Amino acid sequence: MEEPNYKDVFKKDKILVEKFKLNDNYKLKYSGKKYFLKTYGCQMNEHDSENIKALLEDMGFESVDDYEKADLVLLNTCSVRENAHNKAFGMLGRFKHLKEEKKDLIVGLCGCMAQEEGVIKEIREKYKFVNFVFGTHNVYELPEIIDKAVMEGKQEIDVKSFGDRIIEDIPVRRENSFKAYVNIIYGCDKFCTYCIVPYTRGKEHSRRREDILKEIKALKEDGYKEVTLLGQNVNAYGHDLYNDYTFGNLLEDVAKEGIPRIRFTTSHPWNFTDKMIDVIAKYENIMPAIHLPLQSGSDKILKSMGRRYTKESYLKLFDEMKEKIPNCHISTDIIVGFPGETEEDFNETLDVVKHCKYDNAYTFIYSPRENTPAAKFKDQVDESVKEQRLQRLNKLVNKYFLENNKKLEGKVLEVLVEGKNEKHGYFGYSKEMKLVNFTGKEIEIGSLVNVEITKAKTWSLDGNAK
Ligand code: SAH
Ligand code: SF4
Ligand code: F3S
């Protein structure tokens, strides 16, 4: 029984690297039982869920889509904004009802919320029906934790405050057979003042390059078409392990392995290096779709967010990327209503949007988070002002999505086919990360096809396979 403690989050001992091995006692022990897993949050969580699924299945559990049919229900949670929190607690409420009828139901919670002191307190005091909790640093302990909760019949909370090891070779059930996530760096040391992630994911630690490249090679051999390199800030890759091997070097080594499409997320504009730009520009298999979070266009707000760049330096980087990277498409994240944001500050954000004309933008209302400095700032913005700014911002970004998409009408884009839907025929994403709905005959899911774009919409393109 171990609970999270914010004091210890950055107490980083030497990081160990170990290989996963499932204890024989748990292998298929739960055969015949069914599990339901729901994932909230970012790609990092989605990828963790791919490990969680594999671990549960190695214990014998089988997946079901309907939680009412499950013997074990598990939420892999996200803390980044209040509404992610509320959704998870809402779901726990439903599980509570279900458990009233189904006494043997095993209920679990993991992911970023498990790392929050406040959440653990609430679970201990008000959600006593929750059987087990584990955190982001000990996914690999899932078999022991679940088994202990079941065998001892007590609430089992097991959350490490900080990561002290990287476990390689945790089994993985990937969502599909042509697109894969690969972790390259865990944690985040940036401490943007609004953000809870450094507390839920801990300090930055990179995976060894040989482990990453081994995984990439295996994916190539298995016929994967696209790989996404994951980290809260991929630019920081390597600084804790190597003197002269950075993300630019890793990206180049990955590109040389020859997977048809490579992308990465997320890059902080602060340490986006020239080497990275050169490598992206040089290798055709690195997708020209880059996520470059802006957060705000006001220097005053950027400073109080702790973002380490200015409007000017952001725009300089943006323009350089557009100039040097052929066919470069850039998306972003923006927060409105950060404490102290005036109408003038907000207009600076709109100004940057007008310059950058983003291809995609994830826009958020600032949400105060437990234990973050900005939550304690005095000049919080009114909810109604935040709402109104979000609407104005969305209207503007949407205008550019459509404008940019229109430029693609008549062009031929290479699309990785993801699936079929009744309304549109096939769908998939282009190298530019545009969602394309298209017609075609007997096209294999997971293949790369050329699609002629016939019509642009705000969030997608229509086309016909050539
Ligand atoms: N590591 C990534 C961000 C992960 S969180 C990066 O730095 O780009 C994804 C996005 O959520 C952030 O870019 C930010 O726009 C938003 N976000 C984070 N904390 C938030 C908060 N407290 N309120 C509103 N949005 C937030
Ligand atoms: Fe959060 Fe900033 Fe780290 Fe991104 S870089 S995870 S926004 S602290
Ligand atoms: Fe959410 Fe944790 Fe990702 S807080 S955004 S799931 S790192």
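Just so you know, ligand 1 is whichever comes first in the structure, and atom 1 is the first atom listed for that ligand. Not measured: the values here are computed from a predicted model.
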Compare every heavy atom of C78 with every heavy atom of A84, then report the nearest pair and how far apart it is. CB-O, 3.5 Å

Could you tell me how the ring of H85 sits relative to the ring of F89: parallel (under 30°), tilted (30 to 60°) or perpendicular (over 60°)? perpendicular

Gap separating the CD atom of E117 from the NZ atom of K121, nearest 0.5 angstrom: 10.5 Å

Provide the number and element of each atom of ligand 2 under 4.0 Å from a heavy atom of C188. 3 (Fe), 5 (S), 6 (S), 8 (S)

Nearest non-hydrogen protein atom, atom 7 (O) of ligand 1: R307 NH1, 3.8 Å

Under 4.0 angstrom from ligand 2, any heavy atom of R307? yes

Note, M305 side chain near F338 side chain (heavy atom, < 4.5 Å): yes

Touching ligand 1 at all, K386? Heavy atoms, strictly under 4.0 Å? no

For ligand 2, the portion of P198 having any non-hydrogen atom under 4.0 Å away: side chain

In ligand 3, the atoms that come under 4.0 Å of a heavy atom of R201 are 7 (S)

Check whether any N, O or S atom of H268 sits under 2.8 Å from atom 3 (Fe) of ligand 2. no

Does I335 reach ligand 1, in the sense of a heavy atom lying below 4.0 Å from it? yes

Parallel, tilted or perpendicular: rings of H355 and F318 (30°, 60°): perpendicular

If you have a sec, work out which protein heavy atom is nearest atom 4 (S) of ligand 3 and how many Å separate them, to one decimal? S79 N, 3.3 Å

Report the C-alpha separation of F191 and F10 in whole Å, then their side-chain angles, then the decisive distance to 0.1 Å, and conclude whether the ring pair (Phe, Tyr, Trp, His ring centres under 6.0 Å) test is met. CA-CA 12 Å; F191 296 104; F10 304 105; 4.8 Å; yes

Among protein heavy atoms, which lies nearest atom 17 (N) of ligand 1, and at what distance? R81 NH1, 3.4 Å

Suppose I only count heavy atoms of C78 and a 4.0 Å limit; which atoms of ligand 3 are within that range? 1 (Fe), 4 (S), 5 (S), 6 (S)

Taking both backbone and side-chain atoms of S367, is any N or O found less than 3.5 Å from an N or O belonging to ligand 1? yes

Ligand 2-proximal atoms of F191, by part, heavy-atom distance under 4.0 Å: backbone

Run the numbers for me: atoms of ligand 1, each under 4.0 Å from some heavy atom of P293, listed by number. 8 (O)

Residue, atom name and distance, where the atom is the protein heavy atom closest to atom 7 (S) of ligand 3: Q232 NE2, 3.2 Å

Checking a contact table here: which protein heavy atom is nearest atom 7 (S) of ligand 2, and how many Å away? Y194 OH, 3.3 Å

On the ring face of F95, is K99 found with NZ or CZ under 6.0 Å from the centre and within 45° of the axis? no

In ligand 2, which numbered atoms sit nearer than 4.0 Å to a non-hydrogen atom of C195? 1 (Fe), 6 (S), 7 (S), 8 (S)

Looking only at heavy atoms, is any part of C192 under 4.0 Å from ligand 2, and if so is it the side chain, the backbone, or both, or is it neither? both

the protein heavy atom lying closest to atom 2 (Fe) of ligand 3 turns out to be C112 SG, 2.2 Å

Passes side-chain hydrogen bond (donor to acceptor under 3.5 Å, both in side chains), H329 versus N360? Steps please. CA-CA 9 Å; H329 288 68; N360 205 350; over 6 Å; no

How far is atom 10 (C) of ligand 1 from its nearest protein heavy atom, and which residue and atom is that? D333 OD2, 3.4 Å

If we number the atoms of ligand 1 from 1 as shown, the ones under 4.0 Å from a heavy atom of V80 are 5 (S), 18 (C), 19 (N), 20 (C), 21 (C), 22 (N)

Under 4.0 Å to a heavy atom of R369 - the qualifying atoms of ligand 1, by number: 22 (N)

Considering non-hydrogen atoms of the protein only, which is the closest contact for atom 19 (N) of ligand 1, and what is the distance? Y194 CD1, 3.3 Å

Yes or no on ring pair (Phe, Tyr, Trp, His ring centres under 6.0 Å) for Y186 and H137, after CA distance, side-chain angles and deciding distance? CA-CA 10 Å; Y186 302 97; H137 301 300; 9.1 Å; no

Look up atom CD1 in I145 and atom OH in Y140, then write down how far apart they are to the nearest 0.5 Å. 8.5 Å

Within the 4.0 Å heavy-atom shell around K190, which atoms of ligand 2 are there? 3 (Fe), 5 (S)

Take every heavy atom of H268, measure it against each atom of ligand 1, and state whether any distance is under 4.0 Å. no

Indicate the atoms forming the closest heavy-atom contact of A114 with V133, along with that distance. CB-CG1, 3.6 Å

For atom 6 (C) of ligand 1, the protein heavy atom that lies nearest, with its residue and separation: T266 CG2, 3.7 Å

Any nitrogen or oxygen of S267, main chain or side chain, under 3.5 Å from a nitrogen or oxygen of ligand 1? no

of all protein heavy atoms, closest to atom 3 (C) of ligand 1 is Q232 OE1, 3.9 Å

At less than 4.0 angstrom from any non-hydrogen atom of V197, what atoms of ligand 2 do you find? 6 (S)

Of all protein heavy atoms, the one nearest atom 14 (C) of ligand 1 is Q295 OE1, 3.4 Å

Would you say the side-chain atoms of D71 pair up with the backbone N or O of L105, donor to acceptor, closer than 3.5 Å? no

Using the six-membered ring of Y67, assess whether NZ or CZ of R94 lies under 6.0 Å from its centre and within 45 degrees of the ring axis. no

Let's go through E175 and K53 carefully: what are the C-alpha distance in whole Å and the side-chain angles of both, what is the deciding distance for salt bridge (charged side-chain N to carboxylate O under 4.0 Å, His left out) to 0.1 Å, and is it a yes or a no? CA-CA 10 Å; E175 267 312 297; K53 281 186 177 170; 2.7 Å; yes

Do you know the tightest heavy-atom contact between P293 and T266? CG-CG2, 3.5 Å

Spacing of CD belonging to E432 relative to CG belonging to D359, to within rounding of 0.5 Å: 8.5 Å

How far is atom 24 (C) of ligand 1 from the closest protein heavy atom, and which atom is that? I365 O, 3.3 Å

Do any of the N, O or S atoms of C42 sit under 2.8 Å from atom 3 (Fe) of ligand 3? yes

So if I apply the ring pair (Phe, Tyr, Trp, His ring centres under 6.0 Å) rule between H291 and each of Y358, F264, Y362, F272, which one comes out positive? Y362

Taking the six-membered ring of Y242, is the NZ or CZ of R209 close enough (under 6.0 Å from the centre) and on axis enough (within 45°)? yes

